[in-house]
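Letters A, B, ... mirror the listed sequences (proteins, then strands); counts begin at 1.
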Amino acid sequence: MIIAALFATRLTPLHWLDTTVIIIYFAAVLGLGFLLRKQTHTSEDFFLAGREMSAWVAGISFLAANMGALELMGWAAAAYQYGLLAAHWYWIGAVPAMLFLGLVMMPFYYISRSHSVPGYLKLRFGEPTRALCAISFAGMTVLMSGINMFAMAKVMQVVLGWNMNFSILVSSLTVAVYVTMGGLRSAILNEVLQFFLIWAGALVVPILGLIETGGWSGLKARILANTASDKYLHLWSTLGHFRSNSMGIHWTGIVFGLGFVGGLGYWTTDFLVVQRLLSAKDLRSARMAPIIGAWFKMAVPLIVILPGLIGLAVLPGAGLSLVGEGAANAGQHTYNEVLPLLLIRYAGPGLLGLGITALIAGFMSGMAGNVSAFSAVWTYDIYRPLMKLRATDHDLLSVGRWSTVLGVLVSIGTAYFAMHFSSIMDYVQALFSFFVTPLFGTVILGMLWKRATGPGAFWGLFAGMGSSIAMWAWVQIQPSALQIMALSNDAQPMAENLYRMLWSWLVCLIVTIGVSLFTRPAPAEELAGLVYGYTADPEQKKYPLVQQPVFWAVSAALVFLWLQWLFR
Amino acid sequence: MRKHFEVWFYIGAMLSLYGVLLTGAGMYQWKHPPPTVLANEHAVFWAGTALLSIGLAYVVAFWPWRKAKGHH
């Protein structure tokens, strides 16, 4: 009776082989946590994986920690809704930022030996800036973790008919167990495993989708026939005006809002991803890791954006026309279901289980990433400085384990909170613009401008966050304010997020610079290893050219530019 | 065995296990195709053999006990 209620409505029945594949996955991630529990003796083991990860492991986990709800479900849905434009969030919204992180910013994080991004701000600007950053980041991570849980539970409900409470409980308990046992090492190594499974399970859709549509040219022809427009098939050529593309956006928003502020903000200052790089065994590995991540990131649209386009090409012919979350009537499917629908279309027993495992792996890696980052920031940047100044290493390890459980419990609460938002994407983009983009202003000035001061950084960050929340509230109360923010009467909601990021970053920058000019700068000896001009790069010349980060970063940049030209 | 846990070996073993399962299922489905689009392409079988090949390559390349012998 209870089991029957759990599996009441679903898109497809699950074969025993699919169930076996899913059970093996859960056993494998828990087994990995169990095997790693004995290697976690100190707080540095727990929070920074002992700083012994290779560039490949750190780079893959850097990327996998981000492959949560947004990556797999949200952007496949966005590609169905907006076409190829959604690929900007993978390419210009990520690749330049990753390369910049590897080449320019990583030495400051790594050489300073800080445990976290707020920890770097403590060294550079003092306690108030660290506290503001740590508290806002801790809040953001549990909210993001909750959205991951909610998205996974939603998929399981739609595809398999699983009860949402059951899905949330099983997935969160699994993550809590393996992260509590092995700390960041367990989270990172599980993310590497999950990364492989995501690719193994998700590749079936683009391969069979391209076979069905007759390759890329056949796919384009079908989309043209189904939509009567070619605006779904271009990256850049429709961005000259807000009205000429499906997103209602302008190229300035993509380049400056997404590429410059949003991408750099997320990939270089969000501790969720930066924590993976701090676990690298040496500076060269820490610099190579985001560059390796950039190469993989350029390929991720194959398993996310391409399925969205395939959905646009083949689903209407099968009598399926997807609609937005709020517009779906009974029996109608939404944009968010495009990936599960395609999996069911192409994947037979066994392969369907692997595809669903890929989705679960994506959600769990995102959740574990948030929870492990929350635990580190809570312990190092809130508990130790604000609650117990003389905490021993044993105390920190113990608090780290308890805060992992606490993070998961709070995330469960936020998962239910997220259910009240009509659009997951709005929720996530709003969170990023509130906290991450102003923080990028503070960190980049801290690293590159020696004149920036502690009071300047604190008030700049405070003003950036406050202005972002105020702009969001303004548009909520008065929707026409969007046209003022995006500087056009034709701007659509997607443009709002990008311009809000840009303005809040500028507010942070201007206030930081203004206050810094009127306050006393830190003496030069306090800035060693923290600021450009006072930080030596000890390892740069020890390797031949093909082993240097700059070689692979330039190569990645060339491939990135080629992709922009190819799909222009 | 190495001091540190060898994640690549673990991944190889996991992919191999999935490979065996999917190859077996694919062989069965060759005769009894599932009601999916393009079932005649035998995606389950080919995915299984690909996973098994990659998995075994990782298992062999990162076999932890062989490395331990080398160290001694």
Side-chain angles (χ1 to χ4, degrees), chain A residues 12 15-18 20-21 24-25 27-29 31-32 35-36 38-39 49-50 52-54 56-57 60-61 182 185-186 188-197 199-201 203-205 207-209 211-212 281 314 317-318 342-355 357, chain B residues 1-68 70-71:
Chain A
T12 183
H15 193 271
W16 66 265
L17 194 60
D18 299 318
T20 308
V21 169
I24 289 173
Y25 166 74
V29 292
L32 193 50
L35 285 169
L36 293 168
K38 286 185 179 170
Q39 291 186 14
E52 61 186 25
M53 295 295 153
S54 68
W56 281 95
V57 171
I60 289 174
S61 76
R185 184 182 280 112
S186 179
I188 283 180
L189 296 186
N190 261 309
E191 280 157 8
V192 176
L193 173 68
Q194 286 153 352
F195 182 80
F196 274 74
L197 294 178
W199 278 92
L203 263 176
V204 61
V205 171
I207 292 173
L208 290 184
I211 291 174
E212 185 185 359
K281 63 184 177 188
V314 302
L342 289 169
L343 270 175
I344 292 163
R345 181 180 179 84
Y346 295 123
L351 205 47
L352 180 62
L354 197 61
T357 300
Chain B
M1 192 156 173
R2 284 184 205 184
K3 182 187 165 200
H4 298 300
F5 182 78
E6 186 53 86
V7 69
W8 305 115
F9 170 76
Y10 195 84
I11 288 169
M14 176 101 178
L15 296 183
S16 302
L17 179 58
Y18 277 149
V20 169
L21 271 177
L22 263 65
T23 306
M27 287 163 81
Y28 175 80
Q29 288 171 25
W30 208 290
K31 288 279 176 67
H32 307 88
T36 53
V37 173
L38 296 178
N40 57 327
E41 296 288 344
H42 309 293
V44 178
F45 176 80
W46 295 117
T49 52
L51 286 175
L52 188 57
S53 310
I54 297 167
L56 285 177
Y58 269 76
V59 165
V60 171
F62 297 99
W63 185 255
W65 293 276
R66 185 188 60 197
K67 296 279 181 184
H71 285 303

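Other residues, nucleotides and ligands contribute over 12 non-hydrogen atoms within 6.0 Å of the CH2 atom of A:W199.
Nearest heavy-atom pair, A:P349 versus B:P34, reported as atom, atom and distance to 0.1 Å: CD-CB, 3.6 Å. The shortest heavy-atom contact between B:E41 and A:I211 is OE2-CG2, 3.9 Å.
By number of non-hydrogen pairs under 4.5 angstrom with chain B, the leading residue of A:A318, A:A28, A:A347, A:G50 is A:A28. Chain B forms the most heavy-atom pairs under 4.5 Å with one residue out of A:T20, A:V57, A:V204, and that residue is A:V57.
In this structure, the portion of B:Y58 lying under 4.5 Å from any heavy atom of chain A is its side chain and not its backbone. Only the side chain of B:W8 comes within contact range of chain A, judged by heavy atoms closer than 4.5 Å. Contacts of B:I11 with chain A are made by both backbone and side-chain atoms, with heavy-atom separations under 4.5 Å. In this structure, chain A has a heavy atom under 4.5 Å from the side chain of B:A47, while its backbone stays farther away. With a 4.5 angstrom heavy-atom cutoff, B:L17 touches chain A only via side-chain atoms. Of the atoms belonging to A:I60, it is side-chain heavy atoms, and not backbone ones, that fall under 4.5 Å from chain B. The part of A:L17 that comes within reach of chain B is its side chain, from C-beta onward, which places non-hydrogen atoms under 4.5 angstrom from that chain.
A 4.5 Å side-chain heavy-atom check between B:L21 and A:I24 finds at least one atom pair inside the cut-off. B:L51 has its side chain within reach of A:L354: a pair of non-hydrogen atoms, C-beta onward, lies under 4.5 Å apart. Considering only heavy atoms from C-beta on, A:L197 comes within 4.5 Å of B:M14 through its side chain. Counting only heavy atoms from C-beta outward, the side chains of A:Y346 and B:V37 approach each other to under 4.5 Å.
Here the side chain of A:E212 pairs no donor or acceptor atom with the backbone of B:L38 at under 3.5 angstrom.
A:F196 has its ring centre no less than 6.0 Å from the ring centre of B:Y18.
When the options A:L189, A:L36, A:N190 are evaluated for a side chain to side chain contact (heavy atoms under 4.5 Å, CB included) with B:V7, the one that passes is A:L189.
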